[in-house]
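From a predicted model like this one, the values you see are computed outputs, not experimental measurements. Counting starts at 1 for both ligands and their atoms, following the listed order.
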Amino acid sequence: MTILLGSIADDYTGASDLANTLTKNGLSTVQTVGIPDPSLTLPDVDAVVVSLKIRSVSAQEAVAAAGTAEHWLRGRGAMHVLYKICSTFDSTDQGNIGPVTEALAELAGGSTVLVTPAFPETGRTVYLGHLFVNGQPLDESPLKDHPLNPMHDANLVRVMARQSRGAIGLIDLPAVAAGPDAVRARLDALRAEGASAVIADAVFERDLEILGEVALDAPVSTGASGLGLGLARALVRSGRVPSKVSTTADAIRPVGGYAAIIAGSCSSATLRQLAIAEQAMPVLRLDPERLLTAAPDEISAALSWAGERMKAGPVIIAASTTPEAVSDLQSRYGREISGRAIEAATSAIAAELVARGVRRLIVAGGETSGATVDRLGIPAFLIGPEIAPGVPVLRTIGNSQGEMLMALKSGNFGGDDFFATALAMMR
Ligand SMILES: Nc1ncnc2c1ncn2[C@@H]1O[C@H](COP(=O)(O)OP(=O)(O)O)[C@@H](O)[C@H]1O
Ligand SMILES: O=C(O)[C@@H](O)C(=O)COP(=O)(O)O
């Protein structure tokens with residue numbers, strides 16, 4: 001397999017979001033979970049997105065894992081590697097976007113890296129280095145209440161500078177709108193001033209097409225699905241994409257079995273989606289405190305609750321709760337401990353449901369999805385049709401339970417009726 005574009009995604013929902021965007025924009029794509037075992041047969045594709053779970057680990061651990069993935073991707077022919085980060089720049093002052101970006105650049109010979117989390121289709125735009133989420137500055141958006149990485153600064157030049165060794169520059173919208181040569185000139189000037197990375201403004205898809213074209217001049221870029229769109233369209237325009245057989249149709253053949261939804265995201269979008277779904281299907285609200293203090297009992301109670309119900313139709317099991325309840329739990333048990341314990345419990349429930357016949361599984365939340373996919377031991381996914389911007393139907397490859405259909409929903413993505421829409425596409 002020789003690939004054109006490689007990507008390292010910092011979480012699993014983000015990886016499926018990017019794989020969806022690349023597929024929609026002309027690159028056949030497969031999503032792997034970590035570096036696949038050499039015995040796993042992958043289809044011949046244009047792009048591979050390696051999913052890692054490194055968004056909230058230490059910078060040192062993230063750099064090491066990303067370096068190994070980069071080596072694997074380059075070994076398969078990737079000329080360009082995109083470090084896929086969250087469109088809401090989820091990270092802390094201690095990492096990991098800056099350190100991983102700088103490390104990947106060094107591995108590739110030391111270029112200044114173009115960085116943009118803009119993804120206009122989902123309302124993420126960057127202007128004068130400031131990130132807006134559906135029109136609200138990042139620090140006033142629901143991301144200010146994220147359970148693991150609350151975002152309190154919309155100025156990405158500042159945010160990334162706090163995480164980086166080198167200086168961070170800005171390529172503003174007038175330069176981007178002026179076209180690829182103006183961006184190249186600005187990038188050269190910032191490189192001469194010693195910038196290790198530059199935040200690039202982008203408001204419309206045409207801005208991302210320009211940035212994608214310029215990004216391909218270098219071996220590494222950092223961004224969200226919007227930059228993926230720009231890179232894919234630039235590769236297609238350049239005539240470098242051979243026509244390969246689409247794997248999408250294969251990805252949605254029905255699998256049967258029971259259907260379940262596991263939610264660990266506490267984002268406002270997921271809370272709304274759960275409230276809507278609750279009117280049409282059974283929803284179990286887990287007791288988050290018991291997931292920390294009496295997990296085995298709470299897990300077996302959830303499995304008993306699901307037992308007969310899932311034979312009649314899809315069921316939802318959710319740990320998700322309001323920002324007030326999250327901070328109350330965290331003030332008593334700690335942020336990290338609460339998050340990880342709840343992920344362990346929700347993934348254990350998911351794995352047991354699969355053992356009992358669930359073959360269509362939707363997971364809401366990035367960390368929650370990562371824990372679940374790891375627990376199930378799924379090595380890779382084919383990319384099916386889009387359920388909502390950023391969320392495709394996935395078909396598992398190479399897992400011991402047999403083929404399953406899954407959707408890994410970023411907490412913030414999807415319309416109010418996301419769960420019903422997804423279930424209708426997963427038969
Ligand atoms: N009731 C709760 N209280 C505290 N933390 C929770 C609760 N429910 C879920 N969590 C944790 O919140 C985090 C949500 O992150 P994630 O799954 O990545 O969602 P998102 O996609 O919205 O970022 C996870 O670590 C999850 O275990
Ligand atoms: O870029 C995005 O917004 C998503 O692809 C993503 O990474 C979301 O992360 P989670 O909200 O933690 O799922």
Any N/O pair Ser265/ligand 1 closer than 3.5 Å: yes

More than 12 heavy atoms of other groups within 6.0 Å of Gln60 CD: no

Structural part of Phe413 in contact with ligand 2, heavy atom criterion under 4.0 angstrom: side chain

Atoms in ligand 2 flagged as close to Ser410, the criterion being non-hydrogen separation under 4.0 Å: 8 (C), 9 (O), 10 (P), 11 (O), 13 (O)

Contacting atoms of ligand 1, where contact means under 4.0 angstrom from a heavy atom of Pro288: 1 (N)

Close N or O approach (Val326, ligand 1; < 3.5 Å): no

Min side-chain heavy-atom separation Tyr12-Leu52 under 4.5 Å: no

Proximity of Leu148 to ligand 1 by residue part, where a heavy atom lies under 4.0 Å: side chain

Over 12 non-hydrogen atoms of neighbours within 6.0 angstrom of CD1 in Ile337: no

Nearest neighbour of atom 2 (C) of ligand 2 from the list Ser87, Pro389, Gly223, on a heavy-atom basis: Ser87

Identity and distance of the protein heavy atom lying nearest atom 4 (C) of ligand 2: Asp17 OD2, 3.4 Å

Electrostatic pair Glu121-Lys24, nearest N-O below 4.0 angstrom: yes

Stepwise side chain to side chain donor-acceptor pair (under 3.5 Å) check, Ser369 with Thr372: CA-CA 5 Å; Ser369 294; Thr372 301; over 6 Å; no

Distance-only N or O hit between ligand 1 and Ser267, under 3.5 Å: no

Beyond-backbone contact of Phe381 with Pro392, side-chain heavy atoms, under 4.5 angstrom: no

Min heavy-atom dist Lys84 to ligand 2 below 4.0 Å: yes

Which of the ligand 1 atoms, numbered from 1, are nearer than 4.0 Å to a heavy atom of Thr368: 17 (O)

Min side-chain heavy-atom separation Leu5-Asp46 under 4.5 Å: no

Part of His146 within contact of ligand 1 (heavy atoms, under 4.0 Å): side chain

Gly411-ligand 1 polar pair, N/O distance under 3.5 Å: yes

Any side-chain heavy-atom pair of Ile316 and Glu278 under 4.5 Å: no

Ligand 2 versus Arg55: contacting region, heavy-atom distance under 4.0 Å: side chain

Gly411 heavy atom under 4.0 Å from ligand 2: yes

The single option from Thr21, Ile8, Leu22 passing side-chain contact (heavy atoms from CB on, under 4.5 Å) against Val49: Leu22

Minimum-distance protein heavy atom relative to atom 25 (O) of ligand 1: Glu343 OE2, 2.6 Å

Presence of salt bridge, Glu367 and Arg340, under 4.0 angstrom: yes

Nearest-option assignment for atom 13 (C) of ligand 1, heavy atoms, candidates Gly264, Ala325, Gly366: Gly264

For Gly339, atoms of ligand 1 separated by under 4.0 Å from a heavy atom: 25 (O), 27 (O)

Heteroatom distance test (Pro147, ligand 1): nitrogen or oxygen, under 3.5 angstrom: no

Residue that, paired with Asp201, satisfies side-chain contact (heavy atoms from CB on, under 4.5 Å) out of Leu170, Thr116, Thr125: Leu170

Close-contact set for ligand 1 against Thr321 heavy atoms, below 4.0 Å: 1 (N), 2 (C)

Atom 8 (N) of ligand 1 [closest protein heavy-atom partner, distance rounded to 0.1 Å]: Ala319 O, 3.3 Å

Nitrogen or oxygen of Asp90 less than 3.5 angstrom from that of ligand 2: no

Pro137 vs Met151 side-chain heavy atoms within contact, under 4.5 Å: no

Check: Gly365 N/O within less than 3.5 Å of ligand 2 N/O: no

For Asp11, atoms of ligand 2 separated by under 4.0 Å from a heavy atom: 7 (O), 9 (O), 10 (P), 12 (O), 13 (O)

Validation row: Leu187, Ile171 side chains within 4.5 angstrom (heavy atoms): yes

Closest non-hydrogen atom pair between Leu208 and Leu227, with its separation: CD2-N, 3.9 Å

Element-labelled atoms of ligand 1 that are located less than 4.0 Å from some non-hydrogen atom of Leu329: 3 (N), 4 (C)

Criterion side-chain contact (heavy atoms from CB on, under 4.5 Å) against Leu216, the qualifying member of Leu211, Leu235, Leu4: Leu235

Under 3.5 Å side-chain donor-acceptor pair for Thr92 and Asn149: no

Atoms of ligand 2 close to Thr13 [distance to a heavy atom under 4.0 angstrom, numbered from 1]: 9 (O), 10 (P), 13 (O)

For atom 6 (C) of ligand 1, closest protein heavy-atom neighbour: Ile342 CD1, 3.6 Å

Nearest-neighbour protein heavy atom for atom 19 (O) of ligand 1, which is reported as residue plus atom name and distance: Gly365 CA, 3.4 Å

Salt bridge Glu213-Arg237, side-chain N to carboxylate O under 4.0 Å: yes

Minimum-distance protein heavy atom relative to atom 18 (O) of ligand 1: Glu367 N, 2.7 Å

